[in-house]
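Following: one structure in structure tokens, then a few remarks.
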Amino acid sequence: MGASTDTFDIGQLRLSSGEGRRLDLEVPVDDLDFGGQRYAVASGQVDAVVDVARTASSGYSLRLRFDTALEGPCMRCLEGAGHELSVDSREVDQPGGGEELSSPYLDENELDVRAWARDALALALPTQIVCSAECLGLCAVCGENLNRAPDHAHESEPDPRWAALRELKLD
């Protein structure tokens, strides 16, 4: 793969209108806090492909792609839950095009690949990261892992309407 980088100067590519280049980069990715838990890219960086194309009006069309393994706890049982993700993100930076056509990752010709990769990864996350689709989670009463003890149960609470009778002392 390419060199490890946080930022990349796309001006050095000297692209003319309509021309494009593909870059292979190793991009460090910061840990993510998601659902109160911390998740990390297994190796701390990803092998990314960045496509840079010059638009007709001196702007840029950008595409970032990478596959990665994410490590962290299952949201149901808190055991390890490795998760494979494919990220495909696109950005456009068109001078004078307004906020919708201005990429927050491109300042002058400096592309902040690290921030873009982290944000794209966060947007690619599923709504829940679980160890398996069949994960039973934890017991709401005692915290027992229900995957290890599927027959786990507690005595049900008595009906609160009978509380006054329990207080009676019978001799």
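The chain is numbered in sequence order, starting from 1. Atoms considered below: every heavy atom in the structure, side chains included; atoms not considered: hydrogens, waters and symmetry mates.
- The two residues Phe66 and Ala117 come nearest to each other via the heavy atoms CZ-O, 3.7 Å.
- The SG atom of Cys74 sits 11.5 Å away from atom NE2 of His83, with the distance rounded to the nearest 0.5 Å.
- Proximity of a side-chain donor or acceptor of Asp93 to a complementary backbone N or O of Ser103 within less than 3.5 Å is detected.
- Pairing each heavy atom of His152 with each of Cys142, the nearest pair is NE2-SG, 3.2 Å.
- Taking CG of Asp47 as the start and CG of Asp24 as the end, the distance is 8.5 Å to the nearest 0.5 Å.
- For the atom pair CD of Glu134 and CZ of Arg76, the computed distance is 9.0 Å after rounding to the nearest 0.5 Å.
- The cluster map of Ile, Leu, Val, Met, Phe, Trp and Tyr, joined by side-chain heavy atoms under 4.5 Å apart, puts Leu32 and Val29 in the same cluster.
- Annotation: side chain of Leu64 is not in contact with side chain of Tyr105 (no heavy-atom distance under 4.5 Å).
- There is no path of hydrophobic side-chain contacts, each under 4.5 Å, that joins Ile129 to Leu146.
- Residues passing the side-chain hydrogen bond (donor to acceptor under 3.5 Å, both in side chains) test with Thr127: none are found, sequence neighbours excluded.
- In this structure, Asp88 CG and Leu123 CG are separated by 12.5 Å, a value rounded to the nearest 0.5 Å.
- Taking 4.5 Å as the limit, every side-chain heavy atom of Leu23 sits out of range of all side-chain heavy atoms of Val113.
- Put simply, CG on Leu15 and CD1 on Ile10 are 7.5 Å apart, with the number rounded to the nearest 0.5 Å.
- Using a 4.5 Å cut-off on side-chain heavy atoms (C-beta onward), Leu13 and Phe8 make contact.
- Residues Asn147 and Pro150 come closest through the heavy atom pair O-CD, 4.1 Å.
- Rounding to the nearest 0.5 angstrom, the gap separating the CZ atom in Arg65 from the CZ atom in Arg90 is 7.5 Å.
- A donor-acceptor pair under 3.5 Å is absent between the side-chain atoms of Arg114 and the main chain of Asp30, judged by distance alone.
- Other residues, nucleotides and ligands contribute only 12 or fewer heavy atoms inside 6.0 Å of the CD atom of Glu108.
- Contact of the Cys77 side chain with the Leu136 side chain is not registered, since no non-hydrogen atoms from C-beta on lie closer than 4.5 Å.
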Would Glu84 and Asp67 count as a side chain to side chain contact (heavy atoms under 4.5 Å, CB included) here? Give the steps.
CA-CA 7 Å; Glu84 299 289 326; Asp67 296 321; over 6 Å; no
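- Put simply, Val92 and Leu111 are part of two different groups of oily side chains (I, L, V, M, F, W, Y) that touch within less than 4.5 Å, one to the next.
- Gly80 and Cys131 make their closest contact through O-CB, 3.8 Å (heavy atoms, listed as atom of the first residue, atom of the second, distance).
- Tracing side-chain contacts under 4.5 Å through hydrophobic residues (I, L, V, M, F, W, Y), one reaches Val41 starting from Phe34; they form part of the same cluster.
- Nearest approach of Gln45 to Glu26, heavy atoms of both residues: NE2-OE1, 3.2 Å.
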Chi angles and distances behind the side chain to side chain contact (heavy atoms under 4.5 Å, CB included) call for Cys139, His154:
CA-CA 9 Å; Cys139 174; His154 291 274; 3.2 Å; yes
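- Within the 4.5 Å cutoff, side-chain heavy atoms of Leu138 are placed close to those of Asn145.
- Counting all heavy atoms, side chain and backbone alike, Ala124 lies closest to Ser86 at CB-O, 4.4 Å.
- Side-chain contact between Asp51 and Ser61 is absent, with no heavy atoms from C-beta onward closer than 4.5 Å.
- Using a 4.5 Å heavy-atom threshold, the side chains of Leu70 and Leu121 count as touching.
- Contact annotation: the side chain of Tyr60 approaches that of Asn109 to within less than 4.5 Å [non-hydrogen atoms, C-beta and beyond].
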